[in-house]
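Within every chain, numbering begins at 1; the chains are lettered A, B, ... in the order of the sequence lines, protein sequences first and strands thereafter.
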Amino acid sequence: MRTPVSDGARHGWVALGTSGERVHAVVLDAAGVTLERVELSAADFPGWAIERESTSAPRWVWNDTPRWYPRLLRAGLQVSRCHDLRLSHLVLAASDLVVDAAALRAASRWHAPPYEAVVPRQPALFDWDSDTARDELPADVDETVAEFARQQAAITQSTDPNRLRLLTAAESAGALVASELHVAGLPWSREAHEQILHDSLGTRDTTTGIPTQIFQLRQQIGELLGDSSVSLDSQPKLIRALHRAGVLVESTSRWELAEQQHPVIAPLLEYKKLTRLLSANGWAWLDEWVHDERFRPVYVPSGVVTGRWASSGGGALQIPRQLRSAVHADPGWKLVVADVAQLEPRVLAAMAADTNLADAAFGRDLYAGIVNSGTIASRSEAKIAMLGAMYGATSGESGRLVPRLRRSYPRAMALVDSAAQTGENGGTVRTWLGRTCPPPSVDWQLAQAQASDSTASEAEVARARRLARDRGRFTRNYIVQGTAAEWALAWLGDLRSRLARLPPAPATERATASGTVFGRQAHLAFFLHDEVIVHAHESQAAAAAEAVRAAAEAAGRLLFGEFRVDFPLDVSIADSAAKE
DNA sequence: CATGATAGCGCG
DNA sequence: AAAGCGCGCTATCATG
């Protein structure tokens with residue numbers, strides 16, 4: 001295992017490409033001048049890369065991290081830095097900060113969907129259409145070098161090269177982390193999971209497969225509704241059965257059912273809860289997604305329009321709290337579970353340089369700070385108000401409370417209000433580092449144009465107004481959610497290099513079996529917007545926890561410099577990831 | 001039989 | 001009471 005060299009002077013770049021079975025590398029100096037061209041067989045490539053990393057720690061330039069990095073990891077190489085051309089292209093071609101994006105946009109083959117969408121897990125299910133084939137990502141090394149040059153030029157000539165350099169580096173570091181998370185996997189106890197399933201669902205009937213608890217609830221609900229054959233899984237049928245029993249609901253959603261007074265409600269809500277567990281994370285999920293005590297979801301960096309990650313397969317970003325105790329460290333290892341308290345409002349305070357809000361948050365619970373300042377009476381109201389301000393609430397308790405925040409924190413509120421106004425007017429907004437939201441759709445623009453015509457009907461005007469407001473709420477939230485995603489990338493990127501610098505754990509049986517770079521090393525095991533889980537040998541858990549905190553501080557400084565805002569973490573070191 | 005839309009619920 | 005952002009996934013049901 002090679003430990004990444006810590007960042008210091010610039011180490012130059014190595015651009016990679018393929019041609020058939022051959023790998024081509026072009027070594028560039030820091031100014032982008034070609035120093036050397038190397039051609040390798042696919043088999044020789046990992047060894048060559050390991051050598052290169054240890055001698056010069058270059059920034060690896062490649063078309064798409066998931067097409068290159070997993071095999072290097074399996075060969076034992078954790079690289080220190082890369083430039084992901086696909087992700088960077090998507091950011092730069094759309095960014096307001098780029099002065100002339102024509103050349104980038106003309107290179108349309110670089111505008112490509114995530115690898116998972118192109119190479120699906122079950123290829124048979126995918127229907128290749130001509131567009132996808134035509135837009136396949138370039139792999140040739142000269143095309144790689146050319147795109148890299150275009151991107152460097154776009155950054156250098158932009159109105160804010162520093163931000164775009166940070167953003168593309170953060171995106172690229174995130175791409176490395178995403179591959180590492182997949183290869184390492186989330187430690188998952190099959191036994192603990194099965195215990196949870198058994199405790200809540202009971203045992204599966206040997207012939208029907210229906211768990212006893214669900215079977216019994218179904219019987220009980222049938223009796224209470226006076227219809228033993230009622231279908232509980234079909235909303236229309238369930239609604240009709242409820243109506244016959246005098247429960248006058250318009251939907252079968254949980255909140256509406258919960259309002260009703262009827263003996264069938266409690267068992268019905270329980271039934272819905274249990275069937276949800278069964279279908280989303282039951283025995284079938286366990287068999288499909290957990291192997292060798294690891295859950296290995298596919299993370300999709302930048303899969304969300306705001307820059308947040310998405311995931312593909314297994315519902316990685318929706319693991320229910322109920323199952324978190326199944327996330328369990330290996331014997332002799334620990335989980336360091338850390339999440340940021342109120343990331344988004346802190347990010348908003350820093351973006352707006354709103355010292356009142358940053359001070360209210362400093363060193364404590366942000367909502368308690370708002371209460372403390374006398375702005376709002378209770379913590380729960382403060383939270384509702386702040387979420388309403390960032391999401392664009394107009395009615396209800398939230399809408400009522402937002403004006404109070406506007407009085408106490410005018411700078412922060414003006415920033416989100418202005419983003420909303422820009423969006424309503426059809427404009428674009430951008431995050432702190434320059435990720436720019438998409439322009440309004442053709443349909444949206446058409447609706448606005450029609451509504452401004454003197455012959456427009458009332459319905460057309462109302463629809464255009466509603467669409468404009470919808471877009472305003474989107475852009476309002478975009479700047480905050482997107483900048484929070486950037487903070488999280490900076491946190492992850494800094495953390496991965498800190499963890500890589502920790503000395504390896506003592507040799508264990510598992511280390512020899514796992515066959516990857518992470519067998520003996522503290523490593524990231526999970527990431528979810530504002531939370532990380534690190535898997536570390538017990539001898540290193542405390543150092544890993546300290547690295548998590550230090551990385552959060554570094555991320556705050558990297559984005560917001562000396563502005564006085566902090567990002568406090570809740571950190572725990574435990575065998576499982578269970579909360580509370 | 002396959003595809004797409006919708007409801008509902010899980011996560012931040 | 002159920003609004004106000006961003007997602008993925010499952011089941012059902014209408015449509016091709």
Have a look at A:Ile319 and say if it touches a base, only the backbone sugar-phosphate, or nothing, with a 4.0 Å heavy-atom cut-off. sugar-phosphate
To the nearest Å, how far apart are A:Phe527 CZ and B:dC11 C1'? 13 Å
Contact pattern, 5' to 3', of nucleotides 1-10 of chain C - B, S or - by protein heavy atom under 4.0 Å: --SBBBSBSS
Between P of B:dA7 and CG of A:Leu257, the distance in whole Å: 15 Å
Think A:Lys273 has a side-chain N or O under 4.0 angstrom from the OP1 or OP2 of B:dC9? no
Answer yes or no: does atom NZ of A:Lys383 have more than 12 heavy-atom neighbours from other residues, nucleotides or ligands under 6.0 Å? no
Kindly assign one of parallel, tilted or perpendicular to the pair A:Trp487 and A:Trp491, based on the angle between their ring planes and the thresholds 30° and 60°. tilted
Counting just side-chain N and O atoms, does A:Thr252 come under 4.0 Å of either OP1 or OP2 of B:dG8? yes
What integer distance in Å separates A:Tyr271:OH from B:dC9:P? 13 Å
Angle class for the A:Trp188/A:Trp285 ring planes (parallel below 30°, perpendicular above 60°, tilted otherwise)? tilted
Does the distance from a Lys or Arg side-chain N to an Asp or Glu carboxylate O, for A:Arg471 and A:Glu424, drop under 4.0 Å? no
Does atom CD (A:Glu259) have a neighbourhood of more than 12 heavy atoms from anything else shown, all under 6.0 Å? yes
Looking only at atom C1', what distance separates C:dG4 and B:dG12, rounded to whole Å? 15 Å
Using a cut-off of 4.0 Å on non-hydrogen atoms, how would the nucleic acid contact of A:Arg254 be classed: base, sugar-phosphate, or nothing? sugar-phosphate
From CG of A:Leu323 across to C1' of B:dC9 the rounded distance in Å is 14 Å
What class does the angle between the rings of A:His535 and A:His523 fall in, given that below 30° is parallel, 30 to 60° is tilted and above 60° is perpendicular? perpendicular
Could you state the CZ-P distance from A:Arg324 to B:dC11, rounded to the nearest angstrom? 10 Å
Kindly say whether the aromatic ring centers of A:Phe560 and A:Trp432 come within a distance under 6.0 Å. yes
SB check A:Arg463 A:Asp443 (cutoff 4.0 Å): yes
Between atom NZ in A:Lys272 and atom C1' in C:dA11, what is the gap in whole Å? 11 Å
In whole angstroms, how far is the P atom of C:dA11 from the CG atom of A:Leu232? 15 Å
In dot-bracket notation, what is the pairing pattern of DNA chain C, taking Watson-Crick (N1-N3 plus N6-O4 or O6-N4) and G-U wobble (N1-O2 and O6-N3) contacts under 3.5 Å, with [ ] crossing and | for other strands? ....||||||||||||
Is any side-chain N or O of A:Ser234 closer than 4.0 Å to OP1 or OP2 of C:dC13? yes
Less than 4.0 Å between a side-chain N and a carboxylate O, is that true for A:Arg190 and A:Asp287? yes
